[in-house]
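In the text below, chain A, chain B and the rest are named by the order of the sequence lines, each starting its count at 1.
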2 protein chains.
Amino acid sequence: MNIVHFLCTEIDFMGTIERKAREKEELKALILKAARKLFVEKGIGQTTIRNIADSIDYSIGTVYVYFRDKNEILHALHTQGFVDLGGQLKVLFNVKDPMERLKAMGKVYITYGLNNPEMYDLMFILKAPMEFLETIQKDEWDEGKASFDSLRTTVKQCMDAGHFKGHKLDPLCFLIWSCIHGMCSLEIGSRTKNANIKNPENIVTDAYDEFLIIISNL
Amino acid sequence: MNIVHFLCTEIDFMGTIERKAREKEELKALILKAARKLFVEKGIGQTTIRNIADSIDYSIGTVYVYFRDKNEILHALHTQGFVDLGGQLKVLFNVKDPMERLKAMGKVYITYGLNNPEMYDLMFILKAPMEFLETIQKDEWDEGKASFDSLRTTVKQCMDAGHFKGHKLDPLCFLIWSCIHGMCSLEIGSRTKNANIKNPENIVTDAYDEFLIIISNL
DNA sequence: CAAAGAAAATGAACAATGTTCATTTTTCAA
DNA sequence: TTGAAAAATGAACATTGTTCATTTTCTTTG
């Protein structure tokens, strides 16, 4: 698209350009949707680019037109996951009592993790190769940070309301997040990692109940 | 080695056989040592069988004479790790006060994890492919189970001593393990996963202090 | 010590996968 | 209709896990 073209096609110029842009976005979204579906079905490690391409009837090369490499696909889904979980956590700010909100946040986080184990893996467990790490931009992590900030803000409000006396804000936040994350990752691991050593049914629910009792009394 | 050989070589039969067996064990141990070194240096995912073979001046094929596949190497190191950590935990049974022992166990566990992040990854985080999971034998998991049993026994003794009133044993054990595991995996992840979002210095130590305060008062 | 047979070690070769890029096909303004 | 830009393609390459026929080394025996 050079200057001559630009001058001569003023009329439907924007229409076509915009449609093309939209189609590009749509195919990008289609690839991501297919990738996510396969990740859930057969696991991230077992999903190949060829699988993704085949499942949407495009060639391998096309996938590489829309995503630089496999990591960029992981990265895009990673972002989707944080937007999704972060959104669910934001909604909880309608709960005014910070202690109640904190309890609800834990519940939402755990539910998200156990219902979307592959996404949870991608977001919090999987170590992507070096290249992936280096391409992460500050603003692309904002959603991830926002989730942690939701927790931090809520714990701060709990302290202001007289809870958690004798505890330090940031270490306590890290401890709480560790608890919740630990439960999710141990449970997800027990489901997929060692099929012969399964956690007891409802162990996470029961442990979370213990967690609620403990923080209620702090 | 057929019947004829057996009958004719009675004298140094055992000597040679034993030496051969020992040499086999030594080479197996050498391969594992090299694998572990490379895992620590460049990460598990970045270490190839060729790397391992090269580093000890053997051919690729030789590695496959001693280990069926890469998973068997991971599996052997996995076992080593559990023996090591489990041994450290067992020593703590010299501490008679169960609450003090529980606190010490957390410290030992965390120290092990942060000092041996690649091993910790292998033992508690990494999801190995299906084949690996299926080859795990019950008795090979005894060391892993023993570690959890150490925790369970200790928490039980705490309860018998009057602690943790109103809590259930197994969910509480799972919660405690989740806390400790969560701290380790978040810290290990923050060191390797996203280089630009590092945890604050000493966050694990500080959070573990909060943990100690909390369980002391339960 | 020499030779045969067993054990160990080897590395070429294959399959699967991520990735690249020259080529082909499609689209669209002129 | 046509030619250039955009999009799609898939052959081909590099890497890695893995296999196995062949070679080398070791051990026993005559």
Side-chain angles (χ1 to χ4, degrees), chain A residues 1-28 30-31 35 38 42-54 56-75 128-132, chain B residues 1-28 30-31 35 38 42-54 56-75 128-132:
Chain A
M1 179 64 57
N2 57 33
I3 284 289
V4 177
H5 281 130
F6 178 77
L7 293 177
C8 296
T9 60
E10 257 173 295
I11 298 169
D12 57 27
F13 177 80
M14 291 310 285
T16 300
I17 294 288
E18 275 172 6
R19 180 174 51 75
K20 287 229 170 183
R22 180 166 37 81
E23 280 171 1
K24 270 181 103 161
E25 284 309 308
E26 280 170 1
L27 185 44
K28 214 166 173 180
L30 182 64
I31 292 171
L38 289 172
K42 35 192 284 184
I44 293 171
Q46 275 56 54
T47 301
T48 70
I49 302 285
R50 284 169 180 78
N51 285 335
I52 297 170
D54 284 352
I56 55 174
D57 291 315
Y58 277 89
S59 70
I60 312 154
T62 302
V63 174
Y64 279 90
V65 169
Y66 289 82
F67 294 94
R68 180 149 34 94
D69 53 27
K70 195 177 183 182
N71 280 323
E72 199 164 287
I73 296 177
L74 297 184
H75 181 257
M130 211 59 78
E131 194 186 350
F132 169 68
Chain B
M1 179 61 61
N2 56 34
I3 284 288
V4 177
H5 280 130
F6 179 79
L7 292 176
C8 295
T9 60
E10 258 172 296
I11 299 169
D12 57 28
F13 177 80
M14 291 310 287
T16 301
I17 293 288
E18 275 171 6
R19 181 174 50 74
K20 286 231 168 183
R22 180 167 37 80
E23 282 172 359
K24 270 182 102 162
E25 284 309 308
E26 281 170 359
L27 184 44
K28 213 167 172 179
L30 182 64
I31 292 170
L38 288 172
K42 35 190 285 184
I44 294 171
Q46 274 57 54
T47 301
T48 71
I49 303 285
R50 284 167 180 79
N51 285 335
I52 297 171
D54 284 353
I56 55 174
D57 291 315
Y58 277 89
S59 70
I60 313 154
T62 303
V63 175
Y64 279 90
V65 170
Y66 290 83
F67 293 94
R68 181 149 35 93
D69 53 27
K70 196 178 183 183
N71 279 323
E72 199 164 287
I73 296 176
L74 298 184
H75 182 256
M130 210 59 78
E131 195 187 350
F132 169 69

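- Using a 4.0 Å heavy-atom criterion, one finds that A:Ile73 contacts no nucleic acid atom at all.
- The side chain of B:Thr48 has D:dT16 as its nearest neighbour among C:dA9, D:dA8, D:dT16.
- Using a 4.0 Å cut-off, some side-chain N or O of B:Tyr64 falls inside it from OP1 or OP2 of D:dT18.
- Rounded to an integer number of Å, the gap from B:Ile60 CD1 to D:dG17 C1' is 10 Å.
- If you take CD of A:Glu25 and P of D:dA7, they are 12 Å apart, rounded to a whole angstrom.
- Checked against C:dT19, D:dT18, C:dT10, the side chain of A:Ile49 finds its nearest nucleotide in C:dT19.
- In this structure the side chain of B:Thr62 reaches within 4.5 angstrom of the side chain of B:Leu27, judged on heavy atoms.
- Atom NZ of B:Lys42 is separated from atom P of D:dT15 by 12 Å (rounded to the nearest Å).
- Not a single donor-acceptor pair under 3.5 Å links the side chain of B:Asn71 to the backbone N or O of B:Leu74.
- Counting to the nearest Å, the C1' atom of D:dT16 and the CD1 atom of B:Ile44 are 16 Å from each other.
- Of all the heavy atoms in A:Ala53 and A:Val63, the pair that sits closest is CB-CG2, 3.9 Å.
- Atom CG in B:Asp57 sits roughly 13 Å away from atom P in C:dA9 (whole-Å rounding).
- Rounded to whole angstrom, the span from the CG atom of A:Leu74 across to the P atom of C:dG18 amounts to 10 Å.
- The side chain of B:Thr62 sits closest to C:dT10 out of C:dT10, D:dA8, C:dT19.
- Taking atom NZ of residue A:Lys70 and atom P of nucleotide C:dT20, one finds them 15 Å apart after rounding to whole Å.
- Residue B:Thr47 comes nearest to B:Lys70 through the heavy atom pair O-NZ, 2.9 Å, listed as atom of the first residue, atom of the second, then distance.
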Derivation and outcome, side chain to side chain contact (heavy atoms under 4.5 Å, CB included), residues A:Lys28 and A:Phe67: CA-CA 8 Å; A:Lys28 214 166 173 180; A:Phe67 294 94; 3.4 Å; yes
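- Nearest nucleotide to the A:Asp69 side chain, out of C:dT19, D:dA8, C:dA8: C:dT19.
- Each of A:Tyr58 and A:Arg50 lies near DNA chain D, and the nucleotide nearest A:Tyr58 is the one positioned closer to the 5' end.
- Contact annotation for A:Tyr66: backbone-only contact, meaning every heavy-atom pair under 4.0 Å involves sugar-phosphate atoms and none involves a base.
- Taking atom CG of residue A:Asp54 and atom C1' of nucleotide D:dG10, one finds them 12 Å apart after rounding to whole Å.
- As judged by a 4.0 angstrom heavy-atom cut-off over every strand, B:Leu27 is placed among residues touching the sugar-phosphate backbone only.
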